[in-house]
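Let me begin by presenting the structure, written as structure tokens, before commenting on it.
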Amino acid sequence: MRRLGLLDRWTLEKVLEAALSQGAEFAEVYVEDSAQSTLILDDGRLEKAMTGREAGVGIRVARGDAEFFVTSDDVRPEALLEAASTAARAAAGPGVSRCARLDRNRLEPAARVEQPPLDCPRDRKAEVLRRVDRAARASDPRVKQVLVVYRDTSSRLLVANSEGLWSEEDRVYVRMAVHVVAARNGEVQTGTATWGKLQGFESLERAGPETLGGEAARQALVNLEAAPAPSGPMPVVVAGGWGGVMFHEACGHGLEADAVLKKASVYAGRLGQQVASPLVTAIDDPTIPGEWGSYAMDDEGAPARPTVLIEKGVLRGYMFNRRTARLLGHPWAANGRRQSYHYLPLPRMSNTFIAPGDSDPEEIVADTRNGFFARDLRGGQVNPATGDFVFHVSEGYMIRNGRIAEPVRGAALVGNGPEVLRRIDRVGKDLSFASGLCGKDGQSVPASCGQPTLRVSELIVGGTEQGGGRA
Amino acid sequence: MTGMGFDVEAVLRQARARGADEAELFFEATVDREFQVFGGRPESLSEVRARGLGVRVVAGGRPGFAYTTDLEVQGVLAAVEEALANARLLPPDPYLALPDPGPAGVEPDAFYSPALAGTPMERKVEMALELERMALSSDPRVRNVTRVLYSDTDRRVVVANSRGVGVEYRTSEAALQLSLVMGDGDQVQTGNGYGYARAPADLDLRGVVAQARDEASAMLGGCPVPSARVPVVFSPRAGALLLSVIARAATAEAVYKRRSFLPATPGAQVASPLVTLVDDGLLPQGHRSAPHDAEGVPCGRVEVVKEGVLASLLYDTRSGRRAGRPSTGNSRRTSFRDWPDPSSTNFYLAPGRDDPRSMVAGVEEGLYLMDLTGLSVGGANPATGDLSVAAGGRWIRRGRLERPVREVTVSGSLGELLRGVDAVGDDLQFLPLEGFWGSPSFRVKALVVSGT
């Protein structure tokens, strides 16, 4: 597939000048050239093979607090100049700004790539999906349906702005999701396994397709044998990896500076205050090499850097894009992210995790007399203004007398963010990450969440059985 | 066909010459305008023009797909080659075929209002600022208005295939989203309102403000209740949210792939006789309405469940061929980048005869459910029917709405819920939220509410 060269200095300068020409204070050009490949294996056969190519430019112009944004899929200079003029007219006003000399910076990618997916033969990719399917089906005759979805994305990105920034980065993502349906005697249950990295195709092969297939099947079978979950408040031990979605929903979105700016976050105005148990230190870090939510520059060209969000329970930082950093008086931003060149950047999470503590994960369970063990959480949702969140337990067990006991299914965990953070009373040593797609304001970006095994002293478990679990 | 940089017929011929037995071109051009206002001023105004082409081929029974935004002839032919290369990877699919030309659908501009293109940006901004002012003054307890978002889309679609399908249409839509926060002491509650119309002048600002204000004030000060298994009355909004999950289980593909809690055979009793579920791709005010579906088949109206009995699933061409039935016009693509898949269009529970107030009056102890969260992130599983979602609303005692409820979960199974519907109201309302769902108030005999 022919790759589009990203824009040259002359074009960038002309476009930025045109964007500033009606009195705007700031102008930015975001250029993207992305190629994507998707393979779907369903119902025992390779069902869909799709590839695609998308290239274009987003031109942003700012005046005061307002931003104006125009996109163009036509990347010829004439079309870009016209788009820039449209944006300029929308921002028209008194004043004259000049574009600073662009200082080109090709960043060392955050992606770790040995086998670029773009150069990887289709058959090699298809074989990985077949391996997943075989492993899932072979694990047990109760496995009835296996869906494997594979996607890779290779993007070349360029950001240039009127302050002289000109940064470029190449990103490569590989992701796989496996969904298994198991059935017995008319009873049907599901299991899921996902994997995603900012890495080359070799990383998926090394992760072990059979492991992924086996894991999704295992979870579906556990759920098939599970009893309906109880309902009521109880101590909850949350395993690492996907358990980190709890922090992502309970706290993460409320620490994005746009929610803070509009006073639509329960964490607004609380820097320096105790917002969580002293065992909680939480960080957003886009610099973890090869991790799913990482990048070398954010989507406004700012160099990636970690943010300590909470330190020993005290709120230390928010996540900013350029606009919110300016409006809230923060000296830098590294979390301005966008789904594609069709969108304005918003403050978004990258890799967000609770740092490991001192406890042994097995002891955390042993010290829990009776409660709930959430081994896998599958996504959640939050209202940042109130802090209320919900997440869905995709694999859960009762804890009885300090031991993990029978599996239970169909539970949601609900709570209020600040309250749950305060109730974290044990934090394990075993940090792990899970990759997901985070949706906000109609934009989806890759984000990973992580945590060690930890315990919340009380959460409401929403199952279908009345009462606080069997004695 | 006009407006694209290449000759559709020539490309289809080229695709056949290069090895495709059948070929399909899906061209889409959209103009999306969006802005937010905050504190009496516009914040971010964006105008996104996107164009792209999705190419689907069938070669030796093998399907392949590619998309591109490069619409010069060379770019389009490159996409054709990619699609053919992708096809070589797959085994032959005995059911896949492109549709033949069908009867004429409704007018190409049946869901398009020229008033959208004719409305200047200043007028839209005025409307949004007016909405913000109205929201701020709608109730003394309103603390802030956290979101006033206006968006509109002008979409043009062309679908052509080598069997002779050649259709085009244009749609327009304008939408408003409002979120406000109401407070009382240290209690806060969000309320959301959504407005939707074919053109900005038809947006109902008062209605949007009322939705947000009523939602926030009804649940302000809410707290959990003791866990119990009780009757639950769904507000139209909560019902519409639930239907979005049921809709995913209603396609023939979900059923035959065992990803639906619905049974495979029409004729089975799946719900109470008060329940009729409809999918209508031609609903005049529908967000998902269009003259044709994503394969160029005319859209129509399907009764999925009629008086509790499963009447028809939703079919695209392939799942229809597999079942020996015609497509019901239920093929959909989110955009030109996507393979067309079966999907609901505008999906709703048909209104009944009951008075919503009498539904509440008939409950001794129960929940009036106004908001569900977590549906799209695992809280409702269309494959198993398991339901466990966070909920908010009002507690019902002796037939009257009492204290606000929050931070509880409602659980059960979708099948049990549908069979347990014992009243359906006459107050059908639609919710335009990433899809288009409608429901009147309805009551379910018993669901588990988990709280303290």
Side-chain angles (χ1 to χ4, degrees), chain A residues 2 42-43 45-56 65-73 86 90 122-123 126 144-145 181 183 188-190 231-233 262-264 342 344 378-381 383 385-386 388 390-392 394 409-412 414-416 460-464 466-467, chain B residues 38 41-52 63-70 78 82 85-87 89-91 144 146-147 179 181 188-190 224 227-229 257-259 337 339 373-374 376-379 381 383-384 386 388-390 406-412 448 450-452:
Chain A
R2 180 177 61 91
D42 196 6
D43 201 20
R45 38 187 297 282
L46 206 49
E47 191 182 78
K48 291 174 181 151
M50 307 160 34
T51 51
R53 171 75 182 295
E54 189 161 5
D65 293 352
E67 300 186 320
F68 307 88
F69 185 68
V70 170
T71 68
S72 177
D73 292 341
T86 305
R122 288 176 170 86
D123 284 327
K144 300 298 181 201
Q145 193 55 278
V181 176
V188 174
Q189 284 300 328
T190 58
S231 56
K262 292 193 174 178
K263 302 197 170 48
H342 287 132
L344 279 167
R378 195 54 61 176
Q381 202 176 324
N383 179 340
T386 60
D388 289 349
V390 58
F391 35 90
H392 175 70
S394 46
R409 62 170 169 79
V414 289
N416 180 272
I460 296 182
V461 175
T464 46
Q466 260 180 284
Chain B
F38 185 66
R41 290 197 311 247
E43 270 198 327
S44 56
L45 275 83
S46 71
E47 178 179 300
V48 173
R49 289 173 185 270
R51 296 165 319 165
F65 182 89
Y67 69 83
T68 182
T69 58
D70 179 357
E82 277 287 310
N86 289 328
L89 193 62
L90 302 188
N144 350 290
T146 52
R147 185 182 181 72
S179 296
V181 177
V188 289
Q189 179 66 42
T190 323
S227 304
R229 189 174 155 80
K257 286 184 173 175
R258 315 189 61 143
R259 288 203 282 270
R337 302 167 191 87
W339 191 292
T373 39
S376 60
V377 290
N381 187 332
T384 63
D386 286 348
S388 183
V389 288
R406 223 168 81 180
E407 258 181 85
V408 297
T409 68
V410 169
S411 315
V448 173
S450 307
T452 57

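The structure displayed is predicted, hence computed values, not measured ones. Every chain is numbered from 1 and lettered A, B, ... according to where its sequence line falls, protein lines coming before strand lines.
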Face-on cation placement of A:Lys48 at B:Phe65 ring, 6.0 Å and 45° thresholds: no
Counting distance only, does the side-chain N/O of A:Thr386 pair as donor-acceptor with the main-chain N or O of B:Gln189 below 3.5 Å? no
Using heavy-atom distances under 4.5 Å, tell me whether A:Asp123 contacts chain B through its side chain, its backbone, both, or neither. both
ring-ring contact (aromatic ring centres under 6.0 Å, His included) involving B:Tyr67 - partner list, sequence neighbours excluded: none
Give, as side chain, backbone, both or neither, the part of A:Ala411 having an atom under 4.5 angstrom from any heavy atom of chain B. backbone
Assess the side chains of A:Thr190 and B:Asn381: does a donor N or O sit below 3.5 Å from an acceptor N or O? yes
Answer yes when B:Asp70 and A:Arg53 have at least one side-chain N-carboxylate O distance shorter than 4.0 Å, and no when they do not. no
No-hydrogen, no-angle side-chain donor-acceptor test under 3.5 Å, B:Glu82 and A:Thr51: yes
Side chain / backbone / both / neither for B:Ala87 at chain A, heavy atoms under 4.5 Å: neither
A side-chain contact here means heavy atoms from C-beta on lying under 4.5 Å apart; do B:Arg406 and A:Asp388 qualify? yes
Would you mind checking which part of B:Pro91 comes under 4.5 Å of any heavy atom in chain A, side chain (CB onward), backbone (N, CA, C, O), both or neither? both
Flag the one option from A:Arg409, A:Gln145, A:Arg122 with the top tally of heavy-atom pairs under 4.5 Å to chain B. A:Arg122
Can you tell which part of B:Asp386 gets under 4.5 Å to a heavy atom of chain A, answering side chain, backbone, both or neither? side chain
Is B:Arg259 paired with A:Asp43 through a side-chain N to carboxylate O contact shorter than 4.0 Å? no
